[in-house]
2 protein chains.
Amino acid sequence: MPQPDPIEKQDAVNRLRIVHPERVRSACREASPDHELAALSMIYRVLGDPSRLKILMALRRDEMCVCDLAALTGISESAVSHQLRRLKDLSLVRSRRDGQVVYYALDDKHVVLLLDIGLRHIREK
Amino acid sequence: MPQPDPIEKQDAVNRLRIVHPERVRSACREASPDHELAALSMIYRVLGDPSRLKILMALRRDEMCVCDLAALTGISESAVSHQLRRLKDLSLVRSRRDGQVVYYALDDKHVVLLLDIGLRHIREK
DNA sequence: TGAATATTTGAGCATATGTTCATACATAAG
DNA sequence: CTTATGTATGAACATATGCTCAAATATTCA
């Protein structure tokens with residue numbers, strides 16, 4: 001799981017400037033593998049949009065259908081559907097069909113935690 | 001702090017489709033104000049990039065200077081500096097100058113929490 | 001002072017993102 | 001079967017983002 005050591009390339013071709021080689025080396029050793037960083041960034045990025053946040057916050061209380069979420073967020077039903085698909089692809093949300101209406105609900109225990117901590121953060125600023 | 005009620009516009013000009021008016025109304029009432037959603041999304045979005053994540057994870061252990069972070073992340077020192085500025089603008093990071101070297105360190109108690117929960121999430125998938 | 005090192009800044013560019021519009025699909029009602 | 005309703009999908013477009021490159025600042029050292 002350790003990353004390729006960038007120090008080895010130093011002074012070779014790329015002449016990387018490094019002030020504290022030990023610190024870089026240890027950070028490299030303990031860094032999460034790239035695929036994990038990629039997956040992690042996907043999660044935060046999907047939370048990084050006001051419309052999706054509003055959707056997720058609303059779903060904290062109860063499941064909701066697409067058109068109601070559109071009314072709530074003020075964007076088109078199509079836009080909501082697109083966003084819900086992103087949330088579903090990351091398993092943050094699940095859907096249930098009842099007739100013509102599709103209800104969406106939270107499908108992850110961690111999201112609520114992330115939302116709460118984020119809120120606490122900006123409110124304590 | 002309640003949001004403008006979108007239901008009032010229904011059937012007027014925009015003919016909003018709403019299946020559960022009560023649910024929309026209560027979600028509207030309890031929704032965070034737009035400026036709070038905007039601030040919140042800024043925080044998550046700044047976490048939603050692998051390079052910035054790698055920087056923040058490294059800073060969890062110890063402060064680091066720009067060129068060392070560049071070596072660690074594999075992007076240019078300029079790119080690192082740009083990213084650090086974004087992190088600093090959101091007060092997630094602080095800087096300290098020692099001679100020619102500028103050291104960056106975490107400046108927020110919540111970020112570590114957010115990172116930990118995110119990691120726990122993707123590892124339990 | 002002048003040269004070297006560490007960082008910052010701004011322009012430019014390729015790619016990603018969020019939205020709307022038009023349209024297709026799924027289910028219900030007549 | 002036909003029509004209406006709720007949702008999903010794909011194209012298109014404007015904007016945001018992350019990076020590199022070139023150049024400017026800041027600090028140290030000879």
Side-chain angles (χ1 to χ4, degrees), chain A residues 10-11 14-21 23-24 37-38 41-42 44-56 63-90 93-105, chain B residues 10-11 14-21 23-24 34 37-38 41-42 44-56 63-90 93-104:
Chain A
Q10 187 186 16
D11 291 334
N14 299 3
R15 60 173 198 72
L16 282 181
R17 257 197 312 234
I18 295 186
V19 174
H20 303 289
R23 222 170 283 186
V24 177
L37 288 176
S41 69
M42 293 285 276
Y44 295 124
R45 191 159 11 164
V46 85
L47 297 181
D49 173 76
S51 298
R52 283 192 296 267
L53 275 183
K54 202 163 187 176
I55 290 174
L56 290 172
E63 63 177 10
M64 285 211 203
C65 68
V66 177
C67 67
D68 286 359
L69 287 171
L72 171 67
T73 56
I75 62 180
S76 72
E77 299 173 5
S78 170
V80 169
S81 185
H82 279 295
Q83 306 292 26
L84 286 170
R85 199 161 94 91
R86 289 198 56 182
L87 293 171
K88 197 175 178 183
D89 285 346
L90 289 177
V93 139
R94 69 171 179 277
S95 64
R96 155 182 96 78
R97 175 152 225 147
D98 180 17
Q100 314 177 47
V101 181
V102 177
Y103 293 94
Y104 283 85
Chain B
Q10 188 187 17
D11 290 334
N14 300 2
R15 62 175 195 72
L16 281 181
R17 255 198 314 235
I18 295 186
V19 173
H20 302 290
R23 222 171 283 185
V24 177
D34 284 351
L37 288 176
S41 69
M42 292 285 276
Y44 295 124
R45 192 159 11 167
V46 86
L47 297 181
D49 173 77
S51 298
R52 282 192 296 267
L53 275 183
K54 202 163 187 177
I55 290 174
L56 290 172
E63 63 178 10
M64 284 212 204
C65 68
V66 176
C67 68
D68 285 359
L69 287 171
L72 172 67
T73 57
I75 62 181
S76 71
E77 299 172 4
S78 170
V80 170
S81 186
H82 279 296
Q83 306 293 27
L84 286 170
R85 199 161 94 90
R86 289 198 56 183
L87 293 172
K88 196 175 179 183
D89 285 346
L90 289 177
V93 139
R94 69 172 178 277
S95 64
R96 153 181 98 77
R97 175 152 226 145
D98 180 17
Q100 315 177 47
V101 181
V102 177
Y103 293 94
Y104 283 85

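No experiment lies behind these values; they were computed from the predicted model shown. A note on names: the letters A, B, ... follow the listed sequences, proteins ahead of strands, and every chain is numbered from 1.
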Expressed in angstrom and rounded to an integer, what is the separation of B:Ile18 atom CD1 from D:dT7 atom C1'? 16 Å
Presence of B:Arg52 side-chain N/O under 4.0 Å of D:dT17 phosphate oxygens OP1/OP2: no
So does B:Arg85 have more than 12 non-hydrogen atoms from other groups sitting under 6.0 Å from CZ? no
Taking the side chain of B:Val19 as its heavy atoms from C-beta onward, which of C:dT20, D:dG6, C:dT9 lies nearest to it? D:dG6
Would you say the base of D:dT9 stacks on A:His82 (centre-to-centre below 5.5 Å, plane angle below 30°)? yes
To the side chain of A:Arg97, which of D:dT17, D:dG6, C:dT19 is closest? D:dG6
Could you work out which one of C:dT8, D:dT20, D:dA8 sits closest to the side chain of B:Val102? C:dT8
Closer to the 5' end of DNA chain D via nearest nucleotide, is it A:Ser78 or B:Asp49? A:Ser78
Which nucleotide wins on minimum distance to the side chain of B:Gln100, given the candidates D:dT27, C:dT19, D:dG10? D:dT27
Can you check whether B:Gln83 has a side-chain N or O nearer than 4.0 Å to OP1 or OP2 of D:dC19? yes
Verify the contact: side-chain N or O of B:Ser76 to OP1 or OP2 of D:dC19, cut-off strictly under 4.0 Å; return yes or no. no
Between D:dA26, D:dA8, D:dT9, which one does the side chain of A:Tyr104 approach most closely? D:dA8
Main chain of A:Glu63, side chain of B:Arg23: is a donor-acceptor contact present, judged purely on distance under 3.5 Å? yes
Which one, D:dT9, D:dC19, D:dG6, comes nearest to the side chain of A:Ser81? D:dT9
Carefully, step by step, assess B:Leu84 and B:Leu69 under the rule side chain to side chain contact (heavy atoms under 4.5 Å, CB included). CA-CA 10 Å; B:Leu84 286 170; B:Leu69 287 171; 4.1 Å; yes
Should A:Arg17 be listed as having a side-chain N or O under 4.0 Å from OP1 or OP2 of C:dT5? no
Could you tell me whether a side-chain N or O of A:Asp68 sits under 3.5 Å from a main-chain N or O of B:Val24, the two making a donor and an acceptor? no
